[in-house]
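Have a look at the structure below, then the notes.
The chains referred to below are lettered A, B, ... by the order of the sequence lines, with proteins before strands, and numbering in each begins at 1. Atoms considered below: every heavy atom in the structure, side chains included; atoms not considered: hydrogens, waters and symmetry mates.
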Amino acid sequence: VNTDQESTFESGLTTTDFQLSERGEFARLFRAYYSRLVRYADRLTGDNASAQDVVQDVFLKLWEKRADLTIESSLNALLYTMVRNRSLNAIRRAAREVYGSSLAEMPDRASDAASPDDHVDASSLRTTIRRWIEDLPPRRAEAFRLSRDHGLRHRDIADVMQVSERTVNTHILLALRELRQRLDQLENKQVEP
Amino acid sequence: VNRPDNYGVNEDLLALLEELSPDEAESLRRVWELASLPESEESMHEDDVHDAWVRLEQAIHLGQPDSDEAADGVLPQGPAPRPRFTLLHGLTQQTRSVRWTVVAASAAIAIIAAALLFWTQRPVKHSAGIGQQLAISLPDGSRVELNSGSAVRYDRRMSDTRGVHLEGEAYFDVAHATRPFVVHTFNARVEVLGTRFATRAWPGGREPGTLVTVERGSVNVVAAGSPESAVQLDSGETARVTSHNGEAYIDRPNISIEDALAWREGSLVFIDDVLSEVLDDIERRFNVEITARPDSLLERRVRLSVREPEDAESVLRGLALALDVQLTRTADSYLLTERHP
């Protein structure tokens with residue numbers, strides 16, 4: 001499965017040929033990243049409208065600063081860091097409302113327990129596992145999603161989340177272990193009558 | 001359909017799995033495969049992305065009508081959506097208009113005033129030693145409790161503003177007055193009128209930051225150098241100021257007032273703190289030396305609450321249990337090591 005799943009944009013774009021001064025290049029960058037960055041911001045802010053604002057603001061800043069933009073680590077790290085910082089600021093500004101609503105929308109853990117009637121097939125299993133990811137400690141879930149859903153390298157995740165690469169390794173490993181543990185429990189329940 | 005959002009097993013993960021037993025590696029790999037993103041959460045519809053691009057182009061276009069160079073660094077004006085969120089350390093340029101005559105005239109006065117200030121406002125410093133806590137009263141009637149190893153510094157008279165500098169952890173019961181009371185830390189300041197709150201600001205360490213929790217009343221928390229970053233906290237609320245690559249930002253960790261103030265009752269509470277910070281706390285509290293090996297251990301996060309522990313060892317035992325690591329007592333220190341099967 002480990003094939004050319006990285007988007008062509010990513011593989012064709014390195015630090016040296018990052019030529020944002022071309023509007024066409026910029027449009028390409030936008031189309032390659034907009035959707036996934038909104039998804040990431042959405043996770044952080046819990047609000048799709050402000051997630052779109054955050055990402056729009058990031059691209060606006062990128063365009064304005066394209067002349068003196070230097071990419072220290074990678075494009076992924078830069079974009080996700082910008083989105084993350086702005087998302088956290090957005091949460092801060094809307095602190096009260098967002099806190100209230102995200103708490104209200106928190107999944108009820110008790111309801112996540114597998115019921116014996118759960119039918120385990122591939123797609124419902126995936127839905128179940130995706131729900132378990134919500135239960136992970138927030139930073140662990142974030143690291144896991146950046147790796148699994150966004151395809152970021154561990155060193156980029158470390159950069160974005162401001163932790164060491166080792167910590168990212170730990171987050172990913174513990175996330176997988178916790179998910180496997182719950183999966184084991186679920187599947188054992190299936191076997192026993 | 002090409003699914004750009006579905007990432008297979010990557011090199012980093014393979015490297016991780018290689019260190020595990022083949023059985024565990026296989027089972028974790030299966031979990032990874034199963035945990036793919038559902039279609040419903042994948043890419044937005046192309047039309048929506050296109051709309052967003054059109055909006056962005058409008059914003060860019062309005063910001064720079066003619067050449068690219070002319071508008072560099074200028075935000076779009078008019079009806080273009082101004083970014084609602086900006087970097088705390090903004091890139092805007094401040095314009096200054098200075099009247100030199102006034103400056104010259106006031107220079108002499110300023111020098112005399114500075115000399116007077118120097119003599120009357122020599123700073124006072126109080127610090128709580130290792131293993132101690134210290135309660136002090138400030139000239140304005142406010143009260144400060146210092147946790148172990150922490151220090152406050154302030155001007156003797158607190159004449160024009162009531163300000164203290166804090167390094168470490170303290171609880172403030174601020175006497176109400178019209179002049180604001182300001183706590184300065186290495187990367188933030190906390191402005192209050194009269195209230196009770198706790199501040200924790202250790203500049204060193206792996207996760208330096210300023211943590212402010214309000215018990216009663218309300219305070220303003222401002223990242224140093226970013227006046228526009230001010231956030232107001234009401235009772236029971238917490239804010240954290242962190243800096244990264246010269247960019248400061250404030251977030252709102254979920255920490256209860258009881259946990260933030262637990263140290264005043266002699267308890268130790270750690271909420272998702274890295275071990276290195278936890279060990280620093282225990283060392284300050286009990287005057288012991290603790291080593292952890294390997295270094296990676298220091299980055300593991302800890303969630304632990306110990307009510308009024310009698311000695312370092314009882315805390316460390318709990319810690320070893322929580323982290324599933326080995327605790328060894330040596331002649332003059334403690335050692336935490338990874339447990340090997």
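Look at A/Arg153 and B/Glu11 and you find a salt bridge, because one of the NZ, NE, NH1 or NH2 atoms lies within 4.0 Å of a carboxylate O, short of that distance.
Under the 4.5 Å side-chain criterion, counting only non-hydrogen atoms from C-beta, A/Arg130 is in contact with B/Leu37. Side-chain contact between B/Leu28 and A/Leu173 is present, with at least one heavy-atom pair separated by less than 4.5 Å.
Here the straight-line distance linking atom CZ of A/Arg180 with atom CD of B/Glu26 works out to 11.5 Å at 0.5 Å rounding. For the atom pair OG of B/Ser27 and CG of A/Asp184, the computed distance is 7.0 Å after rounding to the nearest 0.5 Å. Expressed to the nearest 0.5 Å, how far CZ of A/Phe59 lies from CZ of B/Arg55 amounts to 13.0 Å. Distance CG/B/Leu34 to OG1/A/Thr127: 11.0 Å, rounded to 0.5 Å. Remark: A/Trp63 CH2 to B/Glu57 CD distance equals 9.0 Å, nearest 0.5 Å. Note that CG of B/Asp12 is 7.5 Å distant from CD1 of A/Ile157, once rounded to the nearest 0.5 Å.
Among B/Asp48, B/Leu56, B/Leu20, B/Leu17, the residue making the largest number of heavy-atom pairs under 4.5 Å with chain A is B/Leu56. Across A/Arg166, A/Arg177, A/Gln162, the residue that shares the most heavy-atom pairs under 4.5 angstrom with chain B is A/Gln162. Of the listed residues B/Asp251, B/Val49, B/Leu13, the one with more heavy-atom pairs under 4.5 angstrom with chain A than any other is B/Val49.
In this structure, chain B has heavy atoms under 4.5 Å from both the backbone and the side chain of A/Leu176. B/Ala230 touches chain A through its backbone: at least one of N, CA, C or O sits under 4.5 Å from a heavy atom, while the side chain does not. Contacts of B/Arg30 with chain A are made by side-chain atoms alone, with heavy-atom separations under 4.5 Å and no backbone atom involved. For chain A, the nearby part of B/Leu16 is the side chain; its heavy atoms alone come within less than 4.5 Å. Residue contact with chain A, scored on non-hydrogen atoms closer than 4.5 Å, is absent for B/Glu46. Residue A/Ser87: no heavy atom, backbone or side chain, is found under 4.5 Å from chain B.
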A/Arg140 and B/Arg301: side chain to side chain contact (heavy atoms under 4.5 Å, CB included), yes or no, with the steps?
CA-CA 10 Å; A/Arg140 188 169 303 159; B/Arg301 290 195 174 266; 6.0 Å; no

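Listed here is the closest heavy atom pair of A/Arg148 and B/Glu33: NH2-O, 3.6 Å.
Using a 30° and 60° split on the angle between ring planes, A/Phe144 and B/Trp32 fall in the perpendicular class, above 60°.
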